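Contents: one structure, followed by commentary.
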Amino acid sequence: MPKLTIIARVVDGLPLAASMEDDKYHRDLDVYKNQAKRIFKQLTNSSPGRLSIETGSEIFHYLIEGGVCYLVLTERAYPKRLAFNYLEELQKEFNLLYATEVDSATRPYAFIKFDTFIQKTKKLYMDTRAQRNVNKLNEDLADVQKIMMTNIQEVLGRGERLDSVARHSGKLRDGAREYARQAKYLNTQMLLRKYGPVVLVVGIVLLMLYWRFR
């Protein structure tokens, strides 16, 4: 389920709104709140529009739209599709209410009243077995599967901007694809060298038999 939700301005990482958590969970989430703040500081206008970041047994998912980053922390087992559906609902409502005020905000959590909508929406996404959520999970997953996955060490450990992390991850992914393509090509060449002469001889024999007994 969505455990922690924070909305921040991309240009400077200023937090605009957040979910108010129960006191019994507050201390457990402090580490993740600090990680979230550091993630916001790594954002640029070139950062990936959607990204999932593993951190221990949890995962951050974020969505950037209109210069605003919508971030949620969920359990690792929580469906990515639901996490991004949740963020999309927040984005639509927040944009409707505050789009013209984001650039002029000067203090942290200037739109903290948005927590009312966050809490209401979070309740809808708590139970993955609820019919509305089952229906969402049955929707096309192609766009969600394309969302890049990285880990918190890559984002925070080297202090790189998220656009640099994305480029690095993309290069690794492209390198893996090229390696697989080369391995497939070499395997095909090996099979041709091994069985090609045999196939050629059998083909010649069959052709000779065909011309002899036709």
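Numbers for residues simply follow the sequence, beginning at 1. Note that the structure is predicted; figures quoted are calculated from it, not measured. No hydrogens, no waters, no symmetry mates; every other heavy atom, side chains included, goes into these values.
- For E58, the salt bridge (charged side-chain N to carboxylate O under 4.0 Å, His left out) criterion is met by K3, not counting sequence neighbours.
- Sorted pairs that involve residues 99-114 and meet side chain to side chain donor-acceptor pair (under 3.5 Å), not counting sequence neighbours, are lacking altogether.
- The two residues I112 and A18 have their closest heavy-atom pair at CD1-O, 3.8 Å.
- Scanning for salt bridge (charged side-chain N to carboxylate O under 4.0 Å, His left out) contacts around E93 gives an empty result, with sequence neighbours left out.
- With sequence neighbours left out, the ring-ring contact (aromatic ring centres under 6.0 Å, His included) criterion links Y70 to F94.
- Using a distance-only test at 3.5 Å, with no hydrogens or angles considered, no donor-acceptor pair links the side chain of T5 to the main chain of S19.
- For E54, the side chain to side chain donor-acceptor pair (under 3.5 Å) criterion is met by R76, not counting sequence neighbours.
- Summarising the geometry of S52 relative to I59, their closest heavy-atom pair is CB-CG2, 4.2 Å, with the distance given to 0.1 Å.
- E65 is linked by a side chain to side chain donor-acceptor pair (under 3.5 Å) to nothing, counting only residues two or more places apart in sequence or in another chain.
- What you find for Y78 and Y125 is that their closest heavy atoms are OH-O, 2.6 Å.
- Rounding to the nearest 0.5 Å gives a distance of 7.0 Å between CG of L29 and CG of L73.
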Exercise for the section: For side-chain hydrogen bond (donor to acceptor under 3.5 Å, both in side chains), just list the numbers for Q119 and D115, CA-CA rounded to whole Å, side-chain angles, deciding distance to a tenth of an Å, and then say yes or no. Expected result: CA-CA 6 Å; Q119 297 297 338; D115 177 57; 3.0 Å; yes
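- In this structure, the separation between NZ on K92 and CG on L97 is 14.5 Å, given to the nearest 0.5 Å.
- Closest non-hydrogen pair, A36 versus I6, comes out as CB-CD1, 3.9 Å.
- In this structure, the side chains of P15 and F40 stay at 4.5 Å or more apart for every pair of heavy atoms.
- Applying the salt bridge (charged side-chain N to carboxylate O under 4.0 Å, His left out) test to every pair with at least one member in residues 197-209, sequence neighbours left out, gives no pairs at all.
- For the atom pair F60 CZ and L51 CG, the distance stands at 11.5 Å (nearest 0.5 Å).
- With contacts defined as side-chain heavy-atom distances shorter than 4.5 Å, the pair V10/S47 does not qualify.
- The CG atom of N34 sits 8.5 Å away from the CZ atom of R38 when rounded to the nearest 0.5 Å.
- Counting only distance, with no hydrogens or angles, the side chain of Y62 and the backbone of P48 share a donor-acceptor pair below 3.5 Å.
- Not counting sequence neighbours, the partners of D12 by the side chain to side chain contact (heavy atoms under 4.5 Å, CB included) test are R9, L14.
- Scanning all heavy atoms of the two residues, the minimum distance from Q35 to T55 falls at OE1-OG1, 2.9 Å.
- Across A110 and A105, no two heavy atoms sit closer than the pair CB-CB, 4.3 Å.
- If you take CG on L90 and CZ on F114, they are separated by 5.5 Å, rounding to the nearest 0.5 Å.
- Taken from CG in L124 to CG in N85, the straight-line distance is 11.5 Å, to the nearest 0.5 Å.
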Exercise for the section: Before giving the answer on salt bridge (charged side-chain N to carboxylate O under 4.0 Å, His left out), spell out for E89 and K120 the whole-Å C-alpha distance, their side-chain angles and the decisive distance to 0.1 Å. Expected result: CA-CA 11 Å; E89 288 201 35; K120 182 177 68 173; over 6 Å; no
